[in-house]
Amino acid sequence: MVGMPKFPENRLTGRPMEPKPQYREHRVLDALHRAAVFCDQKVGWNRIGVTLSLTIIAIAAVVLYRILRTINAREVVEAVMATAPRDITLAAVFVACVYLTLTFYDLFALRTIGRTEVPYWGAALAAFTSYAVGHNVGASVFTGGAVRYRVYSAWGLTAVEVAKICFVAGLTFWLGNATVLGLGIAYAPLAATAIDQLPAWLNRAGAVLILIVLALYVSWVWRRPRVVGREAWCVNLPGGPLTLLQIIIGIVDLGFCALAMYMLVPDEPNIGFVTLAVIFVSATLLGFASHAPGGIGVFDAAMLVALWQFDKEDVLAGLLLFRLLYYIIPFALSLLILGTRELVLLLRGTAPPPLEPIPSLAPTDVATSPEARREQA
């Protein structure tokens, strides 16, 4: 058939030999690429994303309205005031650990793209400010990317390199989410049922599928160097051991997030940390998919629905405290840091970095490194 790879014949039987694993692998990747191109050209990823976001926001708005209309505002204030200072302090410490972990997202990404001259404090500055701004403003790919570019341009990084950093950091985030959800739902499938309303067995089957896909991805990058993208947009994916490090970073990040939330929910009834972690990560992803600033409304509605066994006023008080610690305070600190930095640069007379022409974005592709291609030949 035209377009299909030809395989050598067996000299004894005269029949085509069984294709090698790498041929099967490339056929699968080619099929996925064709499907992505079809969605891009015939449907449009922007339309799909906007429709999905609007649907999630609309459902969350209806759910939130039905819940909040029965809420007693005075009881919420009382619940906030009754929260133990020790719990708030521990939650604040865990949030600080979250942002500390986020600095390793950028440090790892910098080392992955080969920009080893950027020191840790530079990665920490870019990571903290970009995530704090992106979490609150929304459209974190663009807002966080703009903040990263402003910081990293001091070391001569281009817009394309900053885009690669965002890609690698995002990959770390999704690998961590996949691992936490896969393991968590496999262990406590009813936690996911509280959000998606699906049977426990179906949630557990989905979790097993997530873990299988994750294992396949780790095996795929472990076998040989992998490259995604084309020309100037190529990114060398981390190999097997480094991918495991990515997963660990993501797990630690999400674990500290869930611990912060765990300290702010009532002690009774005790639902267990793993259950809360699954609910928290699922609600966070729904908020992320909505593209609303801080997932506001969507994240809160999911948490209120999933934590049905608690008094709604107590849960809402915990959510308000979490938003204060995780969103508002870091946002204010990041604005202060960025404002001070810009003032210092202005007083020094440092000119803003020139915007270099950005190469045309080629369709995403999956390839192998030149060394691997020579081995295949």
Side-chain angles (χ1 to χ4, degrees), residues 45-46 49-50 52-53 56-57 60 94-110 112-113 118 121-154 157-177 235 246 249-250 252-254 256-258 260-261 280-281 283-300 302 319 322-342 353:
W45 290 112
N46 289 337
V50 170
L52 179 62
S53 298
I56 293 174
I57 291 173
F94 290 137
V95 168
C97 291
V98 169
Y99 280 95
L100 175 64
T101 306
L102 289 176
T103 65
F104 293 100
Y105 277 59
D106 274 43
L107 186 65
F108 182 90
L110 284 165
T112 299
I113 68 171
V118 180
W121 69 265
L125 173 63
F128 173 74
T129 53
S130 64
Y131 281 113
V133 171
H135 287 162
N136 286 272
V137 178
S140 57
V141 173
F142 301 102
T143 55
V147 173
R148 276 191 174 104
Y149 179 72
R150 183 61 180 143
V151 174
Y152 286 136
S153 60
L157 270 70
T158 64
V160 173
E161 288 175 316
V162 172
K164 292 179 181 181
I165 291 173
C166 293
F167 171 79
V168 176
L171 180 61
T172 304
F173 170 78
W174 285 109
L175 288 173
N177 275 273
V235 178
Q246 275 186 291
I249 294 173
V252 172
D253 167 34
L254 295 171
F256 279 129
C257 275
M261 189 73 247
F280 175 84
V281 174
T284 300
L285 291 181
L286 284 174
F288 182 82
S290 71
H291 295 288
I296 190 166
V298 178
F299 168 78
D300 310 274
L319 291 173
F322 180 80
R323 285 198 171 276
L324 174 65
L325 297 173
Y326 186 78
Y327 290 98
I328 298 176
I329 293 178
F331 185 50
L333 287 175
S334 67
L335 292 181
L336 178 62
I337 292 171
L338 289 173
T340 302
R341 180 177 182 271
E342 292 299 319

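Keep in mind that this is a model prediction, so the values were computed, not measured.
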Study note, to complete from the structure: On a heavy-atom basis, the closest approach of Thr101 and Ile249 is CG2-O, 3.6 Å
Review point. What heavy-atom pair brings Leu286 and Ala302 nearest, and what distance separates the two atoms?
Key: CD1-CB, 4.1 Å
Review point. Considering residues at least two apart in sequence or located in another chain, which fulfil the salt bridge (Lys or Arg N to Asp or Glu O under 4.0 Å) criterion with Asp253?
Key: none
Practice item. Working to the nearest 0.5 Å, report the span between CZ of Phe128 and CG of Asp106. Key: 13.0 Å
Practice item. Using a 4.5 Å cut-off on heavy atoms from C-beta on, say whether the side chain of Val118 contacts that of Leu157. Key: yes
Revision key, fill the gap. For Thr103, the side chain to side chain donor-acceptor pair (under 3.5 Å) test, sequence neighbours excluded, returns Tyr120
**Study point:** Check: Met261 and Leu319 side chains under 4.5 Å, non-hydrogen atoms
**Key:** yes
**Study point:** Pair Phe256 and Tyr99, ring centroids less than 6.0 Å apart
**Key:** no
Review point. Side chains of Ile329 and Val95: does their closest heavy-atom pair fall under 4.5 Å?
Key: no
Exercise for review: Report the C-alpha separation of Arg150 and Thr129 in whole Å, then their side-chain angles, then the decisive distance to 0.1 Å, and conclude whether the side chain to side chain contact (heavy atoms under 4.5 Å, CB included) test is met.
Suggested key: CA-CA 11 Å; Arg150 183 61 180 143; Thr129 53; over 6 Å; no
Exercise for review: Of all the heavy-atom pairs spanning Cys257 and Phe280, show the shortest one and how long it is.
Suggested key: CB-CE2, 3.4 Å
Practice item. Considering non-hydrogen atoms only, spot the tightest contact between Leu102 and Ala127 and give its length. Key: O-CB, 3.6 Å
Exercise for review: For residues 158-176, pull every pair meeting salt bridge (charged side-chain N to carboxylate O under 4.0 Å, His left out), keeping only residues two or more places apart or in separate chains.
Suggested key: Arg115-Glu161
Practice item. Rounded to the nearest 0.5 Å, what's the gap from CZ on Phe108 to CG on Leu171? Could you check? Key: 8.0 Å
Only pairs under 3.5 Å count here: list side-chain donor-acceptor contacts from residues 330-341, not counting sequence neighbours, and write none if there are none.
unit_1, atom_1, unit_2, atom_2, d
Ser334, OG, Pro330, O, 3.3
Ser334, OG, Phe331, O, 2.7
Thr340, OG1, Leu336, O, 2.8

**Study point:** Contacts of type side chain to side chain contact (heavy atoms under 4.5 Å, CB included), residue Phe173, not counting sequence neighbours
**Key:** Tyr105, Asn177, Leu285
Review point. Rounded to the nearest 0.5 Å, how far does NE2 of His135 lie from CD1 of Ile328?
Key: 14.5 Å
Practice item. List the steps, then state whether side chain to side chain contact (heavy atoms under 4.5 Å, CB included) holds for Val162 with Thr158. Key: CA-CA 6 Å; Val162 172; Thr158 64; over 6 Å; no
Exercise for review: Using side chain to side chain donor-acceptor pair (under 3.5 Å) as the criterion, list what pairs up with Thr172, not counting sequence neighbours.
Suggested key: Gln246
**Study point:** Axial cation check for Tyr327 ring with Arg323, 6.0 Å and 45° limits
**Key:** yes
Practice item. Give the minimum heavy-atom separation between Gly145 and Cys166, together with the two atoms involved. Key: CA-SG, 4.0 Å
Study note, to complete from the structure: Between the OG1 atom in Thr112 and the CZ atom in Phe167, the distance rounded to the nearest 0.5 Å is 10.5 Å
Review point. If every non-hydrogen atom of Ala123 is compared with every non-hydrogen atom of Tyr152, which pair is closest and at what distance?
Key: CA-OH, 3.6 Å
Point to revise | Ring centers of Tyr131, Tyr326 separated by less than 6.0 Å | key: no
